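Beneath this line is the structure, given in structure tokens, with notes to follow.
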Amino acid sequence: MSIPVYIRKEYFRAVDLKDKSAHILEFQYLPRTVDVYEKGLSVFHMEYLLETKTRADIVEFYLTDFGLRGKGYGTVCMNEIIDQLQKKGVTLITAPLGYKLAPLGYTGPDQYRELMAGFYEKVGFSLNGDGDMAMKILD
């Protein structure tokens, strides 16, 4: 059973990315997805489930343009979404590190898992002992 959570439908957030210039991102929250736009163009998508009122499971997330990788969009978006989930009472977020098949643009599942592990650690998640799940406990 999943429980929908409603966060502000949309709002704009000014952020600085690695290029050190200001970017205005538009966050659109729906009960199970978050989409982020810059100048009307999609830059980030996340799907999640609320297993309980306090536990969210990230199903998937991705930058919509492979060329945006490494520029800070993923980190900025994930940190903002985590902050909003925490404000709604979520205390635990979990996410898989990979899938049986890697998404397009990756050499294989192992490369993708390694990349995802590094990303999740960068945004404050811990990896489980089996190395297949990331989790973050929120205060």
Side-chain angles (χ1 to χ4, degrees):
M1 177 177 126
S2 64
I3 299 168
V5 63
Y6 294 92
I7 303 175
R8 286 177 282 176
K9 183 176 178 222
E10 63 184 71
Y11 67 95
F12 294 87
R13 172 87 188 248
V15 298
D16 287 325
L17 299 178
K18 287 185 178 182
D19 62 10
K20 303 298 182 206
S21 62
H23 295 257
I24 305 295
L25 301 180
E26 177 187 359
F27 288 77
Q28 292 187 351
Y29 289 92
L30 295 174
R32 294 183 179 193
T33 62
V34 181
D35 288 292
V36 182
Y37 299 88
E38 183 175 35
K39 297 178 183 174
L41 299 174
S42 175
V43 295
F44 183 90
H45 173 81
M46 183 203 295
E47 182 179 341
Y48 66 94
L49 291 174
L50 241 74
E51 292 295 328
T52 66
K53 290 181 182 180
T54 60
R55 179 182 168 185
D57 294 330
I58 295 172
V59 176
E60 69 172 349
F61 78 91
Y62 53 85
L63 294 170
T64 54
D65 180 348
F66 200 75
L68 296 176
R69 248 188 69 210
K71 299 182 188 288
Y73 283 93
T75 301
V76 164
C77 292
M78 188 64 77
N79 285 335
E80 177 64 21
I81 292 164
I82 289 168
D83 184 52
Q84 292 303 315
L85 288 172
Q86 184 175 15
K87 287 178 181 177
K88 292 297 178 185
V90 172
T91 59
L92 174 66
I93 300 173
T94 62
L97 288 182
Y99 308 97
K100 291 182 181 180
L101 298 174
L104 287 175
Y106 298 92
T107 59
D110 291 338
Q111 181 210 20
Y112 185 69
R113 266 192 292 280
E114 187 176 315
L115 179 77
M116 293 306 297
F119 173 78
Y120 278 120
E121 287 180 318
K122 184 166 75 168
V123 293
F125 281 67
S126 300
L127 306 181
N128 71 353
D130 295 334
D132 62 350
M133 182 70 64
M135 63 185 79
K136 182 172 178 96
I137 298 172
L138 308 174
D139 298 331

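Numbering starts at 1 and runs along the sequence shown. Since the model is a prediction, treat every value here as computed from it, not as a measurement.
Checked against side chain to side chain donor-acceptor pair (under 3.5 Å), D132 has the following partners two or more places apart in sequence or in another chain: N128. Listed by chain and residue number, L127 satisfy the side-chain contact (heavy atoms from CB on, under 4.5 Å) test with E121 (two or more places apart in sequence, or in another chain). Residues satisfying the side-chain contact (heavy atoms from CB on, under 4.5 Å) test with S126, not counting sequence neighbours, are none. Qualifying salt bridge (charged side-chain N to carboxylate O under 4.0 Å, His left out) partners for D35, counting only residues two or more places apart in sequence or in other chains: none.
Side-chain heavy atoms closer than 4.5 Å link hydrophobic residues (I, L, V, M, F, W, Y) into clusters, and following such links, possibly through other members, connects V123 to V36.
A donor-acceptor contact shorter than 3.5 Å is absent between the side chain of D83 and the backbone of N79. Side chain of S42 to main chain of T64: no donor-acceptor pair is present (N/O by atom type, distance under 3.5 Å, no hydrogens or angles). Under the 3.5 Å distance criterion, the side-chain polar atoms of Q86 are matched with a main-chain donor or acceptor of D139.
Using a 4.5 Å heavy-atom threshold, the side chains of F125 and I82 count as touching. With contacts defined as side-chain heavy-atom distances shorter than 4.5 Å, the pair L115/R69 qualifies. The shortest distance between side-chain heavy atoms of F61 and M116 falls below 4.5 Å. Looking at F119 and M78, their side chains come closer than 4.5 Å, going by heavy atoms from C-beta outward. You'll find the side chain of Y120 reaches within 4.5 Å of the side chain of I58, heavy atoms only.
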So Y48 and V34, side chain to side chain contact (heavy atoms under 4.5 Å, CB included) or not? Walk me through it. CA-CA 8 Å; Y48 66 94; V34 181; 3.9 Å; yes
Assess whether side chain to side chain contact (heavy atoms under 4.5 Å, CB included) is satisfied between Y29 and I81, documenting all intermediate values. CA-CA 9 Å; Y29 289 92; I81 292 164; 3.7 Å; yes
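Screening residues 72-92 for ring-ring contact (aromatic ring centres under 6.0 Å, His included) gives H23-Y73 as the qualifying pairs, with residues at least two apart or on separate chains.
Remark: E60 CD to T33 OG1 distance equals 10.5 Å, nearest 0.5 Å.
The shortest heavy-atom contact between L138 and V90 is CD1-O, 3.3 Å.
Counting side-chain heavy-atom gaps under 4.5 Å among Ile, Leu, Val, Met, Phe, Trp and Tyr, the cluster of L92 also holds M135, I137.
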